[in-house]
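The structure presented is a predicted model; accordingly, all values stated were derived computationally and were not measured.
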Amino acid sequence: TVEEISQNWEWLEQNLLHTLSVFDNKEDIASFVKGKIKGLIAEEASSKLAEQEEDPEKFREALVKFETRFNFPEAEKLITYYSCCCWKARVPRQGWLYLSINHVCFYSFFLGKECKCTIKKTRVMIF
């Protein structure tokens, strides 16, 4: 939400911007900021995993749906999942984003139409 974005931006301004003045060049600044953000993402992911452990039934349900919808080999394990929206044509499709060991997958069933998307993580680039 816009409110969450504003809160996170304020946090960045309060906790990160004053630190950047110690760096000599833009590359060092970019590297530092990327590292901080990756750390925050990892922290968030670990709290999500803790939530899943608190409610294992919901995770089990998502796991069964993931396995049924995408038919990956048994070795492909689900790491986590999120409710999300994918824009296709003019209509947003509410669905689920599944993160597994090797894939990022999206599934939606909206107005009688199924939408599936699978991307190998090796094809994902972070800038």
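- Residues I101 and A75 approach most closely at CD1-O, 3.8 Å, considering heavy atoms.
- Heavy-atom minimum distance, C84 versus L97: SG-CB, 3.5 Å.
- When side chains are defined from C-beta on, N102 counts as touching E76, because their heavy atoms get closer than 4.5 Å.
- Put simply, the side chain of F66 does not reach to within 4.5 Å of the side chain of H103, judged on heavy atoms.
- Put simply, the side chain of W96 does not reach to within 4.5 Å of the side chain of S108, judged on heavy atoms.
- Counting only N and O atoms by type, the side chains of S83 and Q94 include a donor and acceptor under 3.5 Å apart.
- Remark: K77 pairs with no residue by the salt bridge (charged side-chain N to carboxylate O under 4.0 Å, His left out) rule, at least two apart or across chains.
- A chain of hydrophobic side-chain contacts below 4.5 Å, direct or via other Ile, Leu, Val, Met, Phe, Trp or Tyr residues, connects Y82 to V104.
- Counting only heavy atoms from C-beta outward, the side chains of Y107 and E114 approach each other to under 4.5 Å.
- In the displayed structure, K116 atom NZ is contacted under 6.0 Å by more than 12 heavy atoms of other residues, nucleotides or ligands.
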Using side chain to side chain contact (heavy atoms under 4.5 Å, CB included), reason through T118 and F70 one step at a time and then give a plain yes or no.
CA-CA 8 Å; T118 303; F70 296 101; 3.6 Å; yes

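- In this structure, F106 has no ring-ring contact (aromatic ring centres under 6.0 Å, His included) partners at least two apart in sequence or on a different chain.
- Applying the salt bridge (Lys or Arg N to Asp or Glu O under 4.0 Å) test to pairs two or more places apart or on separate chains, those with a residue in residues 61-73 are E61-K65.
- Counting only heavy atoms from C-beta outward, the side chains of Y98 and L78 approach each other to under 4.5 Å.
- Interatomic distance, Q7 CD to I5 CD1, rounded to the nearest 0.5 Å: 10.5 Å.
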